[in-house]
Amino acid sequence: MTQTTMPPTEKTQPVSAPHGTISDRSKAERKLGWLLAGPAFFVMLAVTAYPILQAAYESLFSYRLTDPDNRSFTGLDNYWVILTDSLWWKALGVTMLITVVTVLVELVLGFALAMVMAKALSSIRPIIRAAILIPYAVITVVSAFAWQFAFDINTGFVNSWFAWLPGVSADTDWFGGTGTSLLVICLAEIWKTTPFISLLLLAGLAQVPEVLQEAAKVDGATWWQRLWRVTLPNMKAAIMVALLFRTLDAFRVFDTIFVMTNGANSTESVSFLAYRQTISRLEIGLGSAVSVLLFLSVVLLATMFIKAFKVDLASARGEG
Amino acid sequence: MAGAAALLVAAGTLAACGGDSGGPPTLTWYTNPDAGGQAEIASRCTDAAEGRYRISTAVLPRDAAGQREQLVRRLAASDSSIDIMSLDPPFIPEFAEADFLAPVPDDVAERVTEGVVQSAVEGSTWRDELVAVPFWANTQVLWYRASVAEAAGLDMSQPVTWDDVIQAAQDQDVLIGAQGARAESLTVWFNALIESAGGSIIDENADAPEDITLGLDTEPGRRAAEVMRAVADSGQVSSAFSTENEDASATGFEGERGGFQVNYPFVYARGQGAVEAGSLEQSVVDDYAAAVYPRVDEDTPAAPPYGGINLGIGAFSAHTDLAFEAAECIVSEENQAYYFVHDGNPASKAAVFDDPDVQEAFPQADVIRESLELAAPRPQTPYYSEVSGGIQREYHPPASVDPESTPATATEFITAVLAGEQLL
């Protein structure tokens with residue numbers, strides 16, 4: 001059985017004015033476009049491009065905030081220090097582990113929740129949607145504290161509620177080891193951001209044409225076959241957008257780790273490393289270099305996603 | 001309520017900006033969170049100033065590192081709203097070196113150091129000059145349950161060693177509380193151990209960070225690591241020892257298996273609070289007793305941790321003269337006694353310990369004063385956060401500290417961090 005998607009609609013070429021001349025109307029439209037998007041564009045430049053460029057510039061200096069007089073140009077030295085440091089690679093590994101685990105679990109869980117939201121009886125649908133979305137409305141630091149208190153050996157209830165599970169007892173110190181710490185960090189992240197993925201996937205589900213489902217049903221396809229051959233292929237773009245957004249987001253994980261372990265037991269992420277150099281050590285140069293490397297990693301990830309999956313972001317927004 | 005608060009903030013901001021826009025200038029005092037004592041002292045001093053200035057308080061983050069981060073970033077941007085700040089002593093050299101602190105006039109320096117315990121004066125001094133005003137001085141003591149010590153046959157009228165404490169705890173199967181979490185408190189513990197063994201974290205200070213010589217890989221350094229490991233391996237620490245902070249130690253001490261803990265004096269006030277709240281029996285708090293910090297070696301006096309808060313005057317403040325005047329008022333004997341009784345934070349002036357109110361509220365006042373006289377500050381260097389961060393990385397968790405190899409690897413690591421060759 002093959003995948004069933006809608007036949008590509010034929011796009012008609014827009015009729016434009018002859019080459020070389022721009023009609024008054026399109027001129028006015030272009031002007032209006034700039035007027036509408038211009039302010040936002042400049043605000044974006046000011047709040048994103050400027051700090052990025054400043055960080056890139058400062059990463060070339062040896063510069064301590066409390067000792068500005070001894071600021072000196074060191075070229076790419078900071079990058080050399082970072083890339084030859086095992087701490088960087090360890091933090092990168094931890095970040096990738098957290099990213100892969102949380103995004104995969106969230107995708108599966110988020111899809112299931114999206115199905116529930118889509119198929120729920122219309123009378124209880126608003127309640128279900130609100131209930132599913134609540135975690136996403138909780139501030140990350142608050143959710144991190146809530147999960148920390150739950151798993152804490154002194155204040156938590158997890159140890160007494162789940163003592164029947166193998167490996168859990170009243171004395172289980174969740175934040176005392178790398179594996180258990182990362183487990184709780186991942187759980188908190190998954191709880192918090194699954195609603196985001198399920199919301200994006202719900203939008204994707206709504207785009208799957210009902211006629212295809214009906215046609216598949218008439219052909220005798222089972223529920224499972226319809227899911228794999230009809231539903232999923234038709235919402236590929238939505239899935240990819242959800243994956244892309246969450247991956248980039250997960251890669252910058254900071255709050256949960258900061259609250260739960262403060263980086264102890266090798267749970268530091270790349271963002272945490274940037275925080276420690278810039279804010280704790282006040283080494284602006286070294287910290288900026290870590291931030292630039294983090295930025296480059298995120299750009300690389302985004303490019304890989306877009307190239308590998310050939311996602312047309314516009315199509316997911318329904319503009320295609 | 002919110003409206004009133006907004007009005008207050010607006011009024012404070014206006015006064016801070018204007019200064020001469022009518023009304024007395026408002027001094028902003030950045031305080032560390034406490035039980036409300038500093039806010040009360042601020043209002044007392046506002047009254048005492050009789051209209052020359054007003055003090056308003058602004059609360060800093062909860063932990064010492066967070067307080068430093070916020071103050072440093074503001075001061076690096078020459079924030080003139082910072083008039084008075086409550087500073088944790090280890091960060092004072094960094095602030096002084098960066099010229100964030102207004103120089104203390106000689107006459108003020110003379111007055112505010114009179115009758116102050118030595119450790120608090122040292123903690124406010126950088127390059128042989130007083131750079132902050134000593135406010136309150138904290139120290140850790142050995143808290144024990146009198147009944148437990150008696151049952152174990154431990155004579156607490158004589159100095160005890162860590163080995164004695166471990167032995168007694170094992171005999172009676174009770175908990176030893178210490179701060180094994182990866183936080184500043186771990187450095188506090190480690191510093192007390194190495195100083196008690198006769199060494200220091202920093203062996204030789206230097207202006208350039210890469211020239212600082214560490215004293216970790218020495219005999220006292222190894223002894224300190226040995227004791228740390230022995231406590232962690234004693235079988236008598238909480239199962240969450242690697243995340244145990246001061247509060248967790250106090251909780252363990254209040255519990256059924258409470259026996260010993262090294263901790264600040266606040267645990268006594270905390271225990272009494274728990275009795276009032278009905279979550280602790282009065283008999284438990286009656287069993288609380290304090291002795292000077294345990295020794296590492298039998299014949300060398302212990303060097304307990306020194307902490308507390310000293311007042312720095314912001315270098316960019318528009319009213320440094322008034323701020324020093326206010327600081328002198330804040331640290332008056334009367335206010336220190338009030339703060340000791342109300343918040344459980346010991347005074348830096350020795351005379352306060354004889355205050356009848358203090359003696360009544362803190363039966364352990366004399367032990368605390370003795371401890372303060374013995375106390376050793378943490379290493380004084382503008383690069384303190386690198387040193388402390390390095391210690392926390394290498395000596396955590398305490399159960400994995402190896403007295404043979406950890407001192408050498410820690411020295412190598414911290415030296416590389418100081419030289420800017422490694423990440424922290």
Side-chain angles (χ1 to χ4, degrees), chain A residues 62-70 74 77-78 80-91 148 151-156 159 169-177 181 258 260-268 270 273-287 289-290, chain B residues 63 65-66 68-70 72-73 75-77 91 93-100 180-184 186 207-209 238-245 247-252 254-255 382-390 392-393 396-397 399-400 413 416-424:
Chain A
S62 161
Y63 171 32
R64 194 182 169 86
L65 192 64
T66 50
D67 191 12
D69 299 340
N70 282 333
T74 52
D77 259 17
N78 286 331
W80 176 250
V81 166
I82 295 164
L83 294 174
T84 53
D85 197 320
S86 62
L87 212 55
W88 160 262
W89 297 106
K90 222 196 244 170
Q148 190 202 23
F151 280 83
D152 187 278
I153 194 165
N154 293 317
T155 59
N159 281 359
S169 73
D171 284 343
T172 306
D173 182 14
W174 294 91
F175 301 108
S181 302
F258 183 78
M260 287 189 178
T261 63
N262 202 10
N265 308 319
S266 313
T267 53
E268 275 159 328
V270 176
L273 221 49
Y275 159 79
R276 185 156 268 152
Q277 313 312 315
T278 319
I279 311 287
S280 300
R281 284 181 71 186
L282 303 169
E283 291 287 355
I284 305 294
L286 201 56
V290 176
Chain B
D63 62 308
R68 163 184 168 269
E69 281 164 15
Q70 188 165 118
V72 159
R73 275 183 292 167
L75 288 164
F91 303 125
E94 180 180 43
F95 280 55
E97 196 68 17
D99 292 329
F100 289 166
R182 186 170 151 182
E184 182 58 26
L186 186 73
D207 281 348
S238 125
S239 35
F241 189 60
S242 71
T243 53
E244 182 169 326
N245 57 16
D247 277 319
S249 299
T251 307
E254 285 165 5
Y383 300 92
Y384 181 75
S385 30
E386 271 89 348
V387 174
S388 179
Q392 289 169 40
R393 185 180 287 281
H396 185 271
S400 69
F413 175 69
V417 168
L418 284 168
E421 286 160 4
Q422 214 157 3
L423 297 169
L424 181 62

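Among A98(B), S239(B), A248(B), the residue with the largest count of heavy-atom pairs under 4.5 Å with chain A is S239(B). By number of non-hydrogen pairs under 4.5 angstrom with chain B, the leading residue of D85(A), L286(A), V81(A), L65(A) is D85(A). The candidate from L282(A), N262(A), V290(A), N154(A) with the greatest count of non-hydrogen atom pairs under 4.5 Å with chain B is L282(A).
Side-chain contact between E421(B) and T84(A) is absent, with no heavy atoms from C-beta onward closer than 4.5 Å. Taking 4.5 Å as the limit, some side-chain heavy atom of H396(B) sits within range of a side-chain heavy atom of N265(A). No side-chain heavy atom of E283(A) sits less than 4.5 Å from a side-chain heavy atom of V417(B). S280(A) has its side chain out of reach of L424(B): every pair of non-hydrogen atoms, C-beta onward, lies at least 4.5 Å apart.
Taken from CG in D152(A) to OG1 in T243(B), the straight-line distance is 6.5 Å, to the nearest 0.5 Å. T66(A) OG1 to D99(B) CG: the interatomic distance, rounded to the nearest 0.5 Å, is 10.5 Å. Note: D173(A) CG to S238(B) OG = 7.0 Å, rounded to the nearest 0.5 Å. A distance of 5.0 Å separates OH in Y383(B) from CG in D67(A), rounded to the nearest 0.5 Å.
The residues E94(B) and R64(A) are annotated as salt-bridged, a charged nitrogen and a carboxylate oxygen being separated by less than 4.0 angstrom.
For the pair I279(A) and R68(B), the tightest heavy-atom approach, listed with the atom from each and the gap, is O-NH1, 4.3 Å. Smallest separation of non-hydrogen atoms from R281(A) and Q422(B): NH1-O, 3.1 Å.
Both the backbone and the side chain of A240(B) have a heavy atom closer than 4.5 Å to some heavy atom of chain A. If you measure heavy-atom distances from W88(A) to chain B, the contacts under 4.5 Å come from both the backbone and the side chain. Only the side chain of I153(A) has a heavy atom closer than 4.5 Å to any heavy atom of chain B. Using a 4.5 Å cut-off between heavy atoms, I82(A) touches chain B through backbone and side chain atoms alike.
Applying the ring pair (Phe, Tyr, Trp, His ring centres under 6.0 Å) criterion to F91(B), with sequence neighbours excluded, gives Y384(B). Residues satisfying the salt bridge (charged side-chain N to carboxylate O under 4.0 Å, His left out) criterion with E69(B), sequence neighbours excluded, are absent altogether.
Under a 3.5 Å cut-off, the side chain of R276(A) and the backbone N or O of L423(B) do not form any donor-acceptor pair.
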